[in-house]
Amino acid sequence: MKLLLTAFEPFGGETVNAAWEAVNLLPDRLGALEIIKRTVPTEFDRSIACVTAAVEAVCPDAVLCVGQAGGRAALTPERIAVNLRDARIPDNGGFQPQDEPVVPGGPAAYFSTLPVKAMAQAIQAAGLPGEVSNTAGLYVCNNLMYGLLHFLAGTRRNIPGGFLHVPLTDAQAAAREKPTPGLPLKDIARGLTAAISAIFP
Ligand code: PCA
């Protein structure tokens, strides 16, 4: 079995992205599962093109995209992606869409086709904070989750896919002006491993 595991490049003026740092710590194999990792540009259109091309190239059995959510204290599998882009800051290409759809004419939303509750429970069982989130925001992460699920729905190949947000690393959190939750990087990686084990039980 193969998992396509993606994470975003740093964005918003930061030099690291907790999602990519954590994905990078994971091995390329977990038992029988092969993990194929890809870095994704933090740009609205390019992120979707990058991940859908990787799905075509890799033919994975599931796709999990990971992003950083500064301010969150838990690892959060996302339940839903909405067909809306409304950016508070420009993406890494300088694009800042306001109140526009991800896919004009597309459905209002897609639900994750990953087992989000089992993933959250597995993270908790590993002794880490994990909970299902009901919003992936309106920035590049929600956009990628929507674009991926729209693409997968059109392939009729039944590949489950979804998104998970991680908190900042404790080092990133310590550098923020306001008190912000953070987790040790190795705990974020351990939580991701637990979530993956729930996708391939
Ligand atoms: N987090 C941002 C985009 C890239 C990332 O890692 C988000 O939550 O939309």
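Start at 1 with the first residue, then count along the sequence. Since we're looking at a predicted model, the values are computed, not measured.
In terms of modelled atom types and a separation under 3.5 Å, the side chain of S197 and the main chain of A195 share no donor-acceptor contact. Judged purely by atom type and a 3.5 angstrom limit, N142 uses its side chain to pair as donor or acceptor with the backbone of V82. Of the possible donor and acceptor atoms, one in the side chain of T52 sits under 3.5 Å from a partner among the backbone N and O of I48. Distance alone, capped at 3.5 Å, places no donor-acceptor pair between the D86 side chain and the L138 backbone. Counting only distance, with no hydrogens or angles, the side chain of K2 and the backbone of V58 share a donor-acceptor pair below 3.5 Å. At distances below 3.5 Å, not a single donor-acceptor pair connects side-chain atoms of T6 with backbone N or O atoms of V40. A donor-acceptor pair under 3.5 Å links the side-chain atoms of N92 to the main chain of P10, judged by distance alone. For the pair T113 (side chain) and G161 (backbone), a donor-acceptor distance under 3.5 Å is present.
There is no path of hydrophobic side-chain contacts, each under 4.5 Å, that joins L148 to L114. Connection of V166 to L3 is established within a shared hydrophobic cluster, with ILVMFWY side chains joined at heavy-atom distances below 4.5 Å, either directly or through further cluster members. I196 and I36 fall into different hydrophobic clusters, where Ile, Leu, Val, Met, Phe, Trp and Tyr are joined by side-chain heavy atoms under 4.5 Å apart, directly or via other members. Residues L4 and M145 share a single hydrophobic cluster, defined by chaining ILVMFWY side chains whose heavy atoms lie under 4.5 Å apart. Put simply, L144 and V103 are part of the same group of oily side chains (I, L, V, M, F, W, Y) that touch within less than 4.5 Å, one to the next.
In this structure the side chain of V63 never reaches within 4.5 angstrom of the side chain of P160, judged on heavy atoms. N24 has its side chain out of reach of L26: every pair of non-hydrogen atoms, C-beta onward, lies at least 4.5 Å apart. The side-chain heavy atoms of L183 and L75, taken from C-beta on, include a pair separated by under 4.5 Å. In this structure, the side chains of V16 and Q172 come closer than 4.5 Å at one or more pairs of heavy atoms. The side-chain heavy atoms of V55 and L152, taken from C-beta on, include a pair separated by under 4.5 Å. Between L164 and T76, every side-chain heavy-atom pair lies at or beyond the 4.5 Å cut-off. The shortest side-chain heavy-atom distance between E9 and N17 does not fall under the 4.5 Å cut-off. Within the 4.5 Å cutoff, no side-chain heavy atoms of S133 are placed close to those of P77.
A distance of 12.0 Å separates CZ of R79 from OG1 of T135, quoted to the nearest 0.5 Å. Taken from CG in L84 to OH in Y146, the straight-line distance is 10.5 Å, to the nearest 0.5 Å. For the atom pair L5 CG and L30 CG, the distance stands at 9.5 Å (nearest 0.5 Å). Taking OG from S112 and CZ from F163, the interatomic distance works out to 11.0 Å, rounded to the nearest 0.5 Å.
Using a 3.5 Å distance cut-off with no hydrogens or angles, the side chains of Q124 and E131 do not pair a donor with an acceptor.
For the residue pair A18 and P167, the shortest heavy atom distance occurs at CB-O, 3.4 Å. Looking at every heavy atom in both residues, P129 comes nearest to A73 through CG-O, 3.4 Å. Looking at every heavy atom in both residues, G130 comes nearest to A74 through N-CB, 4.0 Å. The two residues G12 and I89 have their closest heavy-atom pair at CA-CD1, 3.9 Å. For G106 against N83, the heavy-atom pair with the smallest separation is O-ND2, 3.3 Å. What you find for A189 and A22 is that their closest heavy atoms are CB-O, 3.9 Å.
Annotation: R157, atom CZ; neighbour count of heavy atoms from other residues, nucleotides and ligands within 6.0 Å is above 12. Open room surrounds CZ on R156; 12 or fewer heavy atoms of other groups in view lie less than 6.0 Å from it. Within a 6.0 Å radius of CZ in F111, no more than 12 heavy atoms belonging to other residues, nucleotides or ligands are found. Within 6.0 Å of atom CG in N134, more than 12 heavy atoms from other residues, nucleotides or ligands are found, so the atom counts as buried in its surroundings.
Of the candidates D170, T169, L25, I188 forms a side chain to side chain contact (heavy atoms under 4.5 Å, CB included) with just one, namely T169. Of the candidates H165, E21, E14, E14 is the only one forming a side chain to side chain donor-acceptor pair (under 3.5 Å) with Q68.
By the ring pair (Phe, Tyr, Trp, His ring centres under 6.0 Å) test, F44 pairs with F95, Y139, sequence neighbours left out.
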Where do R85 and D45 land on the salt bridge (charged side-chain N to carboxylate O under 4.0 Å, His left out) test, with the steps shown first? CA-CA 11 Å; R85 296 170 159 181; D45 292 322; 2.8 Å; yes
Chi angles and distances behind the side chain to side chain contact (heavy atoms under 4.5 Å, CB included) call for F8, W20: CA-CA 6 Å; F8 281 105; W20 176 246; over 6 Å; no
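Under the 4.0 Å criterion applied to side-chain N and carboxylate O atoms, E78 and R72 are assigned as salt-bridge partners.
The salt bridge (charged side-chain N to carboxylate O under 4.0 Å, His left out) contacts involving residues 111-125 comprise nothing, where partners must be two or more places apart or lie in separate chains. Residue pairs meeting the salt bridge (charged side-chain N to carboxylate O under 4.0 Å, His left out) criterion with at least one partner in residues 188-201, sequence neighbours excluded, are D187-R190.
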